[in-house]
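Note that the structure is a prediction, hence the values are computed from the model and not measured. Only this structure's heavy atoms are used, side chains among them; waters, hydrogens and symmetry mates stay out. Order of appearance sets the numbers: ligands from 1, and atoms from 1 within every ligand.
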Amino acid sequence: MRTSEIFKNKTVLSLEVFPPRRTASIDTIYNTLDQLQGLNPDFISVTYGAGGSATNTATLEIASAIKNHYGVESVAHLPGIHLSKDEVLNMLAAFKEAGVENILALRGDVNPDLVPKQDFRYASDLVSFIKANGDFNIIGACYPEGHNECPSLVDDIHNLKIKVDAGTDQLITQLFFDNSYFYSFRERACIAGINVPIEAGIMPVVNKKQIERMVSLCGVKLPEKFVTMMERYENNPVAMRDAGIAYAVDQIVDLIAHGVDGIHLYTMNNPYIAHKIYEAVSTLLAA
Ligand code: FAD
């Protein structure tokens, strides 16, 4: 099923998982997926390490298992920056054979150890290519605070419009910790004529290191309320985890009240946290 269809009937809940690290067995992800059953997600997406070959087959294998073994719609992430057209054609054929109908088409982050291939400079190039070479539902990434390489929010929305016009059917945002960024972004997108569903990406924070890494990677801003919480609980892992869950629930409650199209939960492969959040918001999603 094309995941963009689901938004017509409800507030969508989707989950994101990542393939196990190189040193871990692939079975660890199946334990995670077993434990995510019961959350009744509308779809589960699987990340893909740009430039790394080991995770690439893992993304396909896991997305296929989600669809064919667990009976949940799956989305395979596909960053194009380090791929050639032929490699993407092979991936599309493999997705089709596995019954994976939904692709999150990305540029990907530049791997400093690899020279980018020139076939897909921007995600919009990959979107057009997928559109021309298969019948997939195409999802794109977007950035409520602006992408960290883009000089202005106006340029970023302009570039997003190009990506949507190339054939993107729905969008998922990068994580953010202040909902006002999301509401302003949604307004800019609407003014720019971007009319596809936009899911809000929510990441529950479980430790200070995790968030410091995220801030350095994608430049999201941390509101004072959030920083105060982290400073108060940084040396108490259980309290930090519970405060992180409460913060994410608070964000989700506010987003649903403001009519968000869907919530995309970055699970960090942590079923305990996903369950706690689901328990707190499941009735709101259904209301
Ligand atoms: P693009 O849409 O190409 O945008 C990249 C930059 O180029 C932006 O600054 C944009 O404004 C600019 N731009 C776009 N088009 C043009 C144009 N025509 N002219 C000039 N400038 C332009 N990375 C992974 O490697 N693997 C994953 O699995 C993964 N999953 C993700 C999931 C989500 C929900 C999100 C939000 C991000 C994910 N990423 C992943 C990270 C993503 O690859 C990076 O954020 C990357 O830096 C940008 O990718 P993009 O697809 O948004 O790129």
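For atom 39 (N) of ligand 1, the nearest non-hydrogen atom from the set Ile157, Asp156, Leu106 belongs to Leu106. Closest heavy-atom approach to atom 9 (O) of ligand 1 among the candidates His158, His264, His147: His147.
A heavy-atom distance below 4.5 Å is not found between the side chains of Lys117 and Lys85. Using a 4.5 Å heavy-atom cutoff, the side chains of Asp125 and Asp119 are not in contact.
With hydrogens and angles left out, the side-chain atoms of Asp178 and Ser180 include a donor and acceptor closer than 3.5 Å. Judged purely by distance below 3.5 Å, without hydrogens or angles, the side chains of Asn137 and Glu5 never pair a donor atom with an acceptor atom.
Looking at atom 2 (O) of ligand 1, its nearest protein heavy atom turns out to be Lys163 NZ, 2.8 Å. The shortest contact between atom 26 (N) of ligand 1 and any protein heavy atom is with Tyr48 O, 2.7 Å. Among all protein heavy atoms, the one lying closest to atom 17 (C) of ligand 1 is Tyr122 CE1, 3.5 Å.
Distances below 4.0 Å separate heavy atoms of Gln174 from the following atoms of ligand 1: 36 (C). Listed by number with element, the atoms of ligand 1 under 4.0 angstrom from any heavy atom of Cys150 are 9 (O), 11 (O). Those atoms of ligand 1 that come under 4.0 Å of a heavy atom in Ala141, given as number and element, are 35 (C), 36 (C), 52 (O). Those atoms of ligand 1 that come under 4.0 Å of a heavy atom in Thr47, given as number and element, are 28 (O). Remark: ligand 1 atoms within the under-4.0 Å shell around heavy atoms of Ala123 are 1 (P), 2 (O), 3 (O), 51 (O), 53 (O). Near Leu104, meaning under 4.0 Å from one of its heavy atoms, ligand 1 places the atoms 32 (C).
At a 4.0 Å heavy-atom cut-off, ligand 1 touches His77 through the side chain alone.
Using a non-hydrogen distance threshold of 4.0 Å, Tyr266 registers as a contact of ligand 1. Ligand 1 lies out of reach of Gly201, whose nearest heavy atom is not under 4.0 Å from it. Contact analysis puts Tyr143 in contact with ligand 1, with a non-hydrogen atom separation below 4.0 angstrom.
For the pair Thr173 (side chain) and Gly201 (backbone), a donor-acceptor distance under 3.5 Å is present. Counting only distance, with no hydrogens or angles, the side chain of Gln251 and the backbone of Ile202 share no donor-acceptor pair below 3.5 Å.
Distances from atom 4 (O) of ligand 1 to the protein include no heavy-atom value under 4.0 Å.
Annotation: Tyr181 is not in aromatic contact with Phe176 [ring centroid separation under 6.0 Å not met].
Salt bridge status for Arg188 with Asp156: absent, with no side-chain N to carboxylate O gap under 4.0 Å. One finds a salt bridge joining Asp135 and Arg2 here, because a Lys/Arg side-chain nitrogen approaches an Asp/Glu carboxylate oxygen to under 4.0 Å.
Under the 4.5 Å side-chain heavy-atom criterion for Ile, Leu, Val, Met, Phe, Trp and Tyr, Tyr30 and Val72 are members of the same hydrophobic cluster.
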